[in-house]
Amino acid sequence: MSQLESATNKVVTITLNPALDLTGSLDTLNVGSVSLANKGSLHPAGKGVNVAKVLSELGAEVTVTGFLGRDNQQSFCQLFSDLNVNDAFIRVDGATRINVKLVEQSGQVSDINFPGVDVSAEAISEFETCLFELAKTHQFFVLAGSLPKGISPELCASWISKLHNMGKKVIFDSSRAALAAGLEAHPWLIKPNDEELAEFVGRDLASPAACQQAATDLADKGIENIVVSLGSQGVMWLTKDEQANDLWRYAQPPKMKVVSTVGAGDTLVAGLCWGHMKGWQAERTLTFSTALSALAVSQVGVGVPSIDAVTELQKQITQINPISSNV
Ligand SMILES: Nc1ncnc2c1ncn2[C@@H]1O[C@H](COP(=O)(O)OP(=O)(O)O)[C@@H](O)[C@H]1O
Ligand SMILES: O=P(O)(O)OC[C@H]1O[C@](O)(COP(=O)(O)O)[C@@H](O)[C@@H]1O
């Protein structure tokens with residue numbers, strides 16, 4: 001067996017712009033005046049880091065890379081060591097950003113995401129060496145989150161393109177200009193949420209059917225898997241095999257008690273990646289990742305507290321399978 005064929009348990013997550021998430025729980029947020037938090041937590045996060053945590057807890061052999069500020073790396077290092085993931089982050093001068101998440105009793109979350117560190121040309125070159133070295137032994141790459149200063153959408157897209165040309169499976173989850181540029185670079189799977197998709201197409205998408213219509217156009221860009229997450233309404237997925245017929249799969253989770261929705265999208269990405277790494281059928285991957293992400297809203301931060309709970313919830317996922325955007 002070749003090195004790559006035996007590498008289905010191995011995955012690289014790329015977080016170009018990680019963050020420490022400062023989460024505060026409040027009864028209600030009083031915008032423009034004082035609000036009192038009942039409790040708070042500060043933990044290492046950012047899209048690829050969250051995906052890495054979930055994948056690692058599912059049993060994957062994970063390597064994390066991207067750019068990490070030297071000044072406040074301690075809790076990241078601790079997390080990577082606790083998870084036993086391979087830490088290939090490039091260290092850069094300065095501190096990794098702190099993103100603020102204010103969670104109200106109602107479940108509503110207000111996110112304040114900061115810009116991040118400055119990445120130098122030397123750090124970029126070090127990262128490229130590391131990335132393409134990892135490509136020698138890995139097939140799955142998850143590139144997730146926003147871009148720090150110093151990394152243009154075009155540069156990010158060029159990495160996706162190179163990995164694609166090497167036959168790698170790149171799962172790409174970003175927003176705004178980075179998403180727009182990355183979509184042209186043949187990622188293997190994308191997962192915008194409905195808001196990100198609406199921003200990309202430049203119009204409101206008020207229903208799953210409207211999202212489906214808008215996302216169908218992305219298939220023309222040669223993206224094999226188009227997944228759109230719809231918050232409490234679930235997940236839509238257009239696979240390569242069904243693109244010709246425009247037949248979407250759709251899974252809906254049961255009603256959950258929401259503690260925090262932060263990290264639900266990352267958890268969904270991790271679930272989708274895991275199903276593919278395991279070679280599961282589409283239905284199983286979809287119901288598993290929908291259940292995993294639905295469970296994620298019942299906690300602050302990401303992680304898999306109990307695989308039995310995921311399996312139990314998976315049985316309660318409603319699947320409409322497959323549907324056409326013409327209905
Ligand atoms: N309130 C909720 N109840 C149940 N599941 C949810 C809820 N919010 C999110 N999810 C699950 O998490 C997935 C990702 O959430 P979503 O909010 O769409 O992504 P993002 O976090 O990227 O904005 C959804 O597709 C769904 O499966
Ligand atoms: O990289 P971005 O787009 O600024 O987002 C970073 C934020 O997204 C998160 O990864 C959560 O993402 P999701 O809610 O989409 O899963 C936070 O941990 C982090 O603060």
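Just so it is clear, the values below take in all heavy atoms, side chains as well, and ignore hydrogens, waters and symmetry mates. One-based numbering, in listed order, for ligands and for the atoms of each.
Looking at Leu272 and Thr285, their side chains come closer than 4.5 Å, going by heavy atoms from C-beta outward.
Residue contacts with ligand 2, taken as heavy atom pairs separated by less than 4.0 Å, do not involve Ala144 at all. Only the side chain of Lys191 comes within 4.0 Å of ligand 1, judged by heavy-atom distances.
Residue Thr261 places no N or O, backbone or side chain, under 3.5 Å from any N or O of ligand 1. Residue Gly231 has at least one N or O atom closer than 3.5 Å to an N or O atom of ligand 1. Annotation: Asn50 places an N or O atom under 3.5 Å from an N or O atom of ligand 2; distance criterion only.
The hydrophobic clustering, which links ILVMFWY residues whose side-chain heavy atoms are closer than 4.5 Å, places Ile98 and Val109 apart. When hydrophobic clusters are built by joining Ile, Leu, Val, Met, Phe, Trp and Tyr residues whose side-chain heavy atoms come closer than 4.5 Å, directly or via intermediates, Leu55 is grouped together with Leu83.
Near Gly234, the atoms of ligand 1 lying under 4.0 angstrom from a non-hydrogen atom of the residue are 24 (C), 25 (O). Residue contact check: Ser229 has heavy atoms under 4.0 Å from atoms 14 (C), 16 (P), 18 (O), 19 (O), 25 (O) of ligand 1.
Screening Val262, Asp111, Asn113 for a side-chain contact (heavy atoms from CB on, under 4.5 Å) with Asp21, the sole residue that qualifies is Val262.
Residue Arg97 places a heavy atom under 4.0 Å from ligand 2.
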- Message: Let's go through Lys255 and Ser232 carefully: what are the C-alpha distance in whole Å and the side-chain angles of both, what is the deciding distance for side-chain hydrogen bond (donor to acceptor under 3.5 Å, both in side chains) to 0.1 Å, and is it a yes or a no?
- Response: CA-CA 7 Å; Lys255 192 164 171 38; Ser232 60; over 6 Å; no
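In terms of modelled atom types and a separation under 3.5 Å, the side chain of Gln108 and the main chain of Ser110 share no donor-acceptor contact.
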